[in-house]
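For reference, the structure discussed in these notes is given below.
Values reported hereafter were calculated over all heavy atoms of this structure, with side chains retained and with hydrogens, waters and symmetry mates removed. The structure displayed is predicted, hence computed values, not measured ones.
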Amino acid sequence: MQLITPKKRIEYIDIAKGIGMILVVIGHCINDKTFPGTWIYSFHMPLFFVLSGLCFSDKKYPTFLPFLWKKVRTLLLPCFYFSLLITILSTLTYGGFTFTNLIFEGFPGALWFVFILFLAEIAYYFIQKNSKTNIYLIISLFFSLIIGIILNRINFNLPYCICSTFIAIFYYGLGHLSKMIFSPATIAKTNKILLSFLLLCIPGIIVLTTNHTLNLRKNYIPTPEILYVLLSLLETLGLLIISTFKFKRYIRNIILYIGNNTLIILSLHIFFIQFSAQYIKPLLSNFIIYKIFEQIFIWLLIYISIEIINKKLEWLLGK
């Protein structure tokens with residue numbers, strides 16, 4: 001997402017973010033009760049935590065305060081800005097999310113991810129700085145995962161999805177560590193089409209068979225947790241491999257456009273989905289026709305929002 005990308009953009013990461021964001025929007029349109037939705041939910045949020053970890057640089061911020069300010073400016077403040085915007089828009093339109101929800105429950109839509117990413121990045125900064133070797137770092141990441149699983153097992157929850165931070169740290173840290181082993185060059189000699197197909201489809205078959213999936217917003221991983229964590233990592237790797245494909249130029253440009261603007265899309269798309277369901281769905285009785293129109297409507301509003309925010313309201317993004 002356009003959450004943690006360094007100044008020198010890495011194209012395959014932007015492509016992965018673009019594809020992932022398309023899946024996020026589709027997943028929220030069809031929900032996690034259908035097979036496509038269950039499959040998308042099984043890895044779409046782990047994917048973005050891993051991608052964020054891939055962009056972490058400990059050398060860039062040798063001291064904590066500059067790192068903290070960067071994350072406050074590019075993550076925390078945009079999270080609050082968009083939360084206020086969506087709460088106001090929701091109150092004025094369909095009333096689905098109010099200031100009471102914002103104060104006592106959590107952030108609207110998918111903005112929980114931005115807040116949890118902020119907490120995970122801050123926590124990981126200290127974990128990484130205080131880990132003498134990668135072995136200590138890996139042990140710390142699995143310890144964080146275990147804490148998250150235990151909190152889920154005892155059904156312990158906190159407002160603003162705070163309990164999800166522990167599992168987010170695990171995925172984020174693995175993303176950072178994977179920089180040492182994953183790059184387009186490392187898989188250039190493999191059969192990328194076959195490998196990505198297997199990595200995405202075999203976990204998909206398991207998800208279809210069990211009809212269980214992740215919900216990191218609720219800090220939920222089905223039992224046995226290690227299986228579903230492994231599946232999410234395999235699917236994430238499969239999508240990362242797809243992101244190294246040579247796409248047609250116009251397709252590549254569309255995906256990169258989405259990948260470069262994922263903070264905006266992440267923040268606003270659920271409001272657009274709910275607005276559409278409230279005011280447009282009653283006008284279209286045919287479900288398939290509505291879903292086609294819904295996608296056109298949502299992506300048109302997303303495009304308009306991206307252009308307006310990037311040209312007139314860049315401060316919303318912490319720029």
Within one Ile-Leu-Val-Met-Phe-Trp-Tyr cluster: Ile270 and Leu216, side-chain cutoff 4.5 Å: no
Crowding at [atom1], [X] (>12 non-hydrogen neighbours, <6.0 Å):
X      : atom1 : answer
Tyr303 : OH    : no
Lys179 : NZ    : yes
Leu194 : CG    : yes
Tyr94  : OH    : yes
Phe143 : CZ    : no

Summary of salt bridge (charged side-chain N to carboxylate O under 4.0 Å, His left out) pairs that have at least one residue in residues 156-171, sequence neighbours excluded: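 Salt bridge (charged side-chain N to carboxylate O under 4.0 Å, His left out) check on residues 156-171 returns no pairs.
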Rounded to the nearest 0.5 Å, what's the gap from [atom1] on [X] to [atom2] on [Y]? Could you check?
X      : Y      : atom1 : atom2 : value
Leu195 : Ile242 : CG    : CD1   : 10.0 Å
Asp14  : Arg252 : CG    : CZ    : 10.0 Å
Leu266 : Ile302 : CG    : CD1   : 10.5 Å
Ser83  : Asn101 : OG    : CG    : 11.5 Å

Classify the side-chain pair [X]/[Y] by whether it contains a donor and acceptor separated by less than 3.5 Å.
X      : Y      : value
Tyr290 : Ser276 : yes
Ser232 : Tyr171 : yes
Thr93  : Tyr279 : no

Step-by-step side chain to side chain donor-acceptor pair (under 3.5 Å) determination, Tyr124 to His176: CA-CA 10 Å; Tyr124 184 74; His176 178 226; 2.6 Å; yes
Name the orientation class of the two ring planes belonging to [X] and [Y] (parallel below 30°, tilted from 30 to 60°, perpendicular beyond 60°).
X      : Y      : answer
Phe118 : Phe115 : parallel
Phe67  : Tyr61  : perpendicular
Phe293 : Phe297 : parallel

Pairwise side chain to side chain donor-acceptor pair (under 3.5 Å) hits with a residue in residues 132-147, at least two apart: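 Checked against side chain to side chain donor-acceptor pair (under 3.5 Å) - neighbours excluded - no pair reaches residues 132-147.
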is_close_aromatic(Phe113, Phe49), centroid dist under 6.0 Å: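 Distance test on ring centres: under 6.0 Å, yes.
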Phe126 ring center within less than 6.0 Å of Phe64 ring center: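 Phe64 vs Phe126: aromatic centres under 6.0 Å.
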Contacts of Arg73 that satisfy salt bridge (Lys or Arg N to Asp or Glu O under 4.0 Å) - sequence neighbours left out: none
Residues forming a salt bridge (Lys or Arg N to Asp or Glu O under 4.0 Å) with Lys312, sequence neighbours excluded: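 Applying salt bridge (Lys or Arg N to Asp or Glu O under 4.0 Å) to Lys312 gives none.
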Less than 3.5 Å apart, which donor and acceptor atoms pair up between the side chains of residues 198-208 and the rest of the protein, not counting sequence neighbours?
none

Any residue meeting side-chain hydrogen bond (donor to acceptor under 3.5 Å, both in side chains) with Lys218, in chain and number order, not counting sequence neighbours: none
